[in-house]
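Taking it in order: structure first as structure tokens, then the write-up.
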Amino acid sequence: MVSVIKAPRGTKDLLPGEIEKWHYVEKVAREISEVYGYHEIRIPIFEHTELFQRGVGETTDVVQKEMYTFEDRGGRSVTLRPEGTAGVVRAYLENHLNNQPQPIKLYYLGPMFRYDRPQAGRMRQFHQLGIEAFGSRDPALDVEVICYSYNFFSKLGLRDLKILVNSVGCSQCRSVYGRALTGFIEERRESLCNNCQDRLEQNPLRVLDCKEPGCQAQLEGAPDIHAYLCAECSEHFQLVQDYLELTDIEFEINKQLVRGLDYYTQTVFEIIPNGPDQGSLAGGGRYSNLVEVCGGPSTPGVGVAIGLERVLMALQEQGVQLPLKQRKKIYIVTAGGEQSGDLDREAVRLLLELRDADIPAEKDLMGRSLKSQMKHAGRIGASYVIILGTEELQSGTLLVRDMNKGEQSPISRDRIVEYLKATLQED
RNA sequence: GUGGGUGUAGCUCAGCAGGCUAGAGCACCAGGUUGUGGCCCUGGGGGUCGUGGGUUCAAGUCCCAUCACUCACCCCA
């Protein structure tokens with residue numbers, strides 16, 4: 001026997017039974033996006049590799065070791081998108097959205113790809129809901145993005161979320177702070193983990209959120225980033241906090257929060273479930289230089305990315321029952337051997353009529369016995385079964401069986417569609 | 001990339017210090033009721049024991065390798 005080919009590592013099939021949850025989550029995403037004034041954008045799943053190298057940052061783990069990069073047949077280096085922001089920025093510029101009334105507010109929904117070792121809540125192909133808003137420096141917009149994320153979660157029924165907020169400053173205050181931090185850490189260099197010794201060269205701020213207890217111990221008494229924020233960044237951060245206070249969202253200032261993508265400036269935030277560390281559900285922030293880095297005019301932006309697998313996982317852990325609606329359906333059963341040709345024809349005719357009337361309906365396609373058809377109808381969750389046999393064919397009636405009550409009654413063939421429509425509406 | 005765990009039927013697993021034709025539950029199909037589902041009973045189909053090698057009279061069981069899955073670290077959603 002030829003071996004069965006399996007899905008590549010880190011990918012998975014979403015089957016009926018599971019996909020309904022995704023549909024629901026996506027529906028909520030679209031609804032909330034509309035409420036917040038964000039419009040959908042669909043961008044390619046792969047882009048020129050350079051876009052991510054420049055946009056996400058050459059020194060980031062994402063670019064250095066997690067990209068799905070390959071050459072296409074024309075010898076161009078392309079990469080399966082590891083995140084959405086860079087592509088949206090590219091589309092914003094390429095389609096001259098910067099010449100439209102600002103701010104431009106966009107959302108996207110779709111698969112991302114990172115070459116990681118899979119584990120709980122981490123796939124090589126995973127899905128993100130993200131929003132990006134361009135053209136405004138207003139701190140109220142930062143808060144809007146946080147509120148959007150929080151409302152998305154609470155609308156789904158998630159509870160006990162922790163919102164971490166920080167400011168990493170603009171490129172000016174960040175470089176001043178970076179030097180101060182480097183100076184401070186330089187003396188304790190040997191005590192840091194290997195990873196952090198590298199970080200010190202490339203992006204000293206990343207040492208701050210190192211999880212190694214040893215490194216954290218060395219940071220005792222390190223310079224405070226908030227003390228190094230320039231007047232503008234400082235005021236911006238203060239306003240973000242002021243506006244957040246206006247909401248009923250509880251948040252926590254976390255000076256360690258830096259985030260791994262290079263493009264963030266000023267506000268950064270992360271939303272994590274309270275309790276055991278399961279990775280963050282959402283992460284985002286403001287980026288003031290990204291559009292320029294991608295070849296556009298200096299344009300501020302702010303956004304968030306929400307990991308949908310992790311959201312589904314958190315919903316599961318919190319035991320949230322999603323209100324998944326399932327339409328009631330009809331199953332047509334045929335009974336009787338001799339005239340099976342006529343019966344089948346009538347069953348097909350009936351099926352067409354029901355479906356034309358927008359009533360979900362199915363019939364046996366496996367040549368099963370009456371008993372088996374009934375069993376199957378129960379199995380697939382049919383609410384009503386229409387029994388069509390030789391007697392019914394002659395008398396021009398049909399037996400309609402309520403599968404929950406276990407009762408059945410004869411209904412005239414002529415009135416069946418009308419009857420079922422009315423009955424299904426009642427339930 | 002690093003470390004741990006696990007691979008036996010479609011699914012969840014059992015398989016006793018290596019020893020008869022490899023099992024159970026669920027699921028599937030059929031019958032018990034030749035026109036009636038859910039409960040019950042009976043029967044049936046379905047397994048290269050992840051793969052390759054080794055030890056042994058004998059390997060699902062022990063050893064090695066390999067692959068896959070899984071969890072964790074790094075990092076991130």
Side-chain angles (χ1 to χ4, degrees), chain A residues 1-12 15 56 59-67 81-85 109-130 149 193-196 198-199 203 206 209-212 215 258-261 270-273 276-284 303-314 331 333-338 343 364 366-393 399-408:
Chain A
M1 213 225 290
V2 185
S3 64
V4 176
I5 297 173
K6 291 191 284 188
R9 158 174 260 190
T11 66
K12 88 177 196 193
L15 303 175
V56 178
T59 65
T60 58
D61 281 18
V62 169
V63 169
Q64 280 182 354
K65 50 182 217 194
E66 291 172 7
M67 292 210 298
R81 61 184 191 192
E83 58 106 55
T85 306
L109 200 52
M112 304 293 163
F113 305 84
R114 288 185 201 171
Y115 191 90
D116 251 5
R117 293 253 334 236
Q119 69 185 67
R122 190 169 66 199
M123 294 269 119
R124 287 184 172 181
Q125 175 174 343
F126 61 104
H127 297 79
Q128 286 186 337
L129 158 67
S149 314
C193 67
N194 291 338
N195 228 321
C196 279
D198 293 340
R199 285 175 179 144
N203 187 350
R206 297 268 303 281
D209 68 352
C210 181
K211 313 292 185 295
E212 289 288 329
C215 296
V258 170
R259 309 202 39 75
L261 306 182
E270 205 164 286
I271 302 181
I272 59 180
D277 187 17
Q278 291 288 329
S280 56
L281 297 175
V304 64
I306 298 170
L308 297 183
E309 277 82 0
R310 290 185 181 177
V311 169
L312 268 307
M313 212 176 218
Y331 196 80
V333 157
T334 52
E338 301 84 45
L343 281 174
D364 172 61
M366 300 299 288
R368 283 191 242 255
S369 66
L370 169 65
K371 182 187 162 81
S372 294
Q373 291 181 64
M374 291 300 296
K375 191 172 176 179
H376 187 68
R379 186 84 64 194
I380 65 169
S383 299
Y384 295 91
V385 161
I386 295 178
I387 298 162
L388 167 63
T390 44
E391 287 172 26
E392 286 74 20
L393 204 57
L399 270 181
V400 175
R401 181 177 179 84
D402 182 326
M403 293 298 271
N404 296 318
K405 292 184 184 150
E407 298 163 357
Q408 60 192 37

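Labels below follow one simple rule: chain letters A, B, ... track the order of the sequence lines, proteins then strands, and each chain is numbered from 1. Please read these numbers as outputs of a predicted model, since none were measured by experiment.
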d([atom1], [X]; [atom2], [N]) in whole Å:
X: A:Leu393; N: B:G35; atom1: CG; atom2: P; value: 15 Å
X: A:Glu309; N: B:C71; atom1: CD; atom2: P; value: 13 Å
X: A:Asp402; N: B:G38; atom1: CG; atom2: C1'; value: 13 Å
X: A:His376; N: B:G37; atom1: NE2; atom2: C1'; value: 12 Å
X: A:Asp116; N: B:U70; atom1: CG; atom2: P; value: 14 Å
X: A:Gln408; N: B:U36; atom1: CD; atom2: C1'; value: 7 Å
X: A:Leu399; N: B:G37; atom1: CG; atom2: C1'; value: 15 Å
X: A:Met403; N: B:G38; atom1: CE; atom2: P; value: 9 Å

Under 4.0 Å from OP1 or OP2 of [N]: is there any side-chain N or O of [X] that close?
X: A:Ser372; N: B:A30; value: yes
X: A:Lys371; N: B:G37; value: yes
X: A:Gln119; N: B:A72; value: yes
X: A:Gln373; N: B:U36; value: no

Please give the distance between the [atom1] atoms of [N] and [M] as a whole number of Å.
N: B:C62; M: B:G23; atom1: C1'; result: 22 Å
N: B:G47; M: B:G35; atom1: P; result: 34 Å
N: B:G38; M: B:A24; atom1: C1'; result: 24 Å
N: B:G50; M: B:G44; atom1: P; result: 26 Å
N: B:A27; M: B:G10; atom1: C1'; result: 7 Å
N: B:A65; M: B:U6; atom1: P; result: 15 Å
N: B:C63; M: B:A59; atom1: C1'; result: 11 Å
N: B:A68; M: B:G60; atom1: P; result: 24 Å

Reckon [X] touches a base, only the sugar-phosphate, or nothing at all at heavy-atom distances under 4.0 Å?
X: A:Ala282; result: sugar-phosphate
X: A:Leu308; result: nothing
X: A:Leu281; result: sugar-phosphate
X: A:Gly130; result: nothing
X: A:Lys6; result: sugar-phosphate
X: A:Glu392; result: base
X: A:Met123; result: base
X: A:Glu83; result: nothing
X: A:Ser369; result: sugar-phosphate
X: A:Arg368; result: sugar-phosphate

Nearest heavy atoms of [X] and [Y], plus distance in Å:
X: A:Pro118; Y: A:Gly10; answer: CG-CA, 3.8 Å
X: A:Tyr331; Y: A:Ala382; answer: CB-CB, 3.8 Å
X: A:Val56; Y: A:Val63; answer: CB-CG2, 3.8 Å

* Less than 4.5 Å apart, any side-chain heavy atom of A:Tyr115 and any of A:Lys65? ->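 A side-chain contact is absent here, since even the closest heavy-atom pair is not under 4.5 Å.
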Report yes if some heavy atom in the side chain of A:Val62 is under 4.5 Å from a heavy atom in the side chain of A:Glu83; otherwise report no.
no
Between [options], which nucleotide has the shortest distance from any of its atoms to the side chain of [X]?
X: A:Lys375; options: B:A68, B:G37, B:A77; answer: B:G37
X: A:Met374; options: B:G37, B:A30, B:C73; answer: B:G37
X: A:Thr390; options: B:U36, B:G35, B:C69; answer: B:G35

Result for 5'-nearest mapping on RNA chain B, choosing between A:Ala382 and A:Glu270, is A:Ala382
5' priority, RNA chain B, between A:Ile306 and A:Arg9 [closest heavy atom]: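 Final value for this comparison: A:Arg9.
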Any donor-acceptor N/O pair under 3.5 Å between B:G1 base and A:Glu66 side chain: no
Q: Kindly indicate whether the side chain of A:Arg379 and the base of B:G37 share any N or O donor-acceptor pair separated by less than 3.5 Å?
A: no
Which distance, rounded to the nearest 0.5 Å, do you find between the [atom1] of [X] and the [atom2] of [Y]?
X: A:Met403; Y: A:Gln408; atom1: CE; atom2: CD; result: 10.0 Å
X: A:Gln64; Y: A:Thr59; atom1: CD; atom2: OG1; result: 6.5 Å
X: A:Glu391; Y: A:Leu399; atom1: CD; atom2: CG; result: 8.5 Å
X: A:Asn404; Y: A:Tyr384; atom1: CG; atom2: OH; result: 7.5 Å

Might you work through the side chain to side chain contact (heavy atoms under 4.5 Å, CB included) test for A:Lys375 and A:Arg379, ending with a clear yes or no?
CA-CA 6 Å; A:Lys375 191 172 176 179; A:Arg379 186 84 64 194; 3.6 Å; yes
Checking side chain to side chain contact (heavy atoms under 4.5 Å, CB included) for the pair A:Met366/A:His376: CA distance, chi angles, key distance, verdict? CA-CA 10 Å; A:Met366 300 299 288; A:His376 187 68; over 6 Å; no
Applying the Watson-Crick and G-U criteria (both distances under 3.5 angstrom) with [ ] for crossing and | for other-strand pairs, one obtains for RNA chain B (((((((..((((.....[...)))).(((((.......))))).....(((((..]....))))))))))))....
Please list, pair by pair, any protein nitrogen or oxygen found under 3.5 Å from a nitrogen or oxygen in nucleotides 2-7 of chain B.
| residue | atom | partner | partner atom | Å |
| --- | --- | --- | --- | --- |
| B:U2 | O4 | A:Arg117 | NH1 | 2.8 |
| B:G3 | O6 | A:Arg117 | NH2 | 3.1 |

Across all chains, not counting sequence neighbours, the salt bridge (charged side-chain N to carboxylate O under 4.0 Å, His left out) partners of A:Arg122 are A:Asp116
side-chain contact (heavy atoms from CB on, under 4.5 Å) with A:Ile306: of A:Ile271, A:Leu109, A:Val311, only one passes, and it is A:Val311
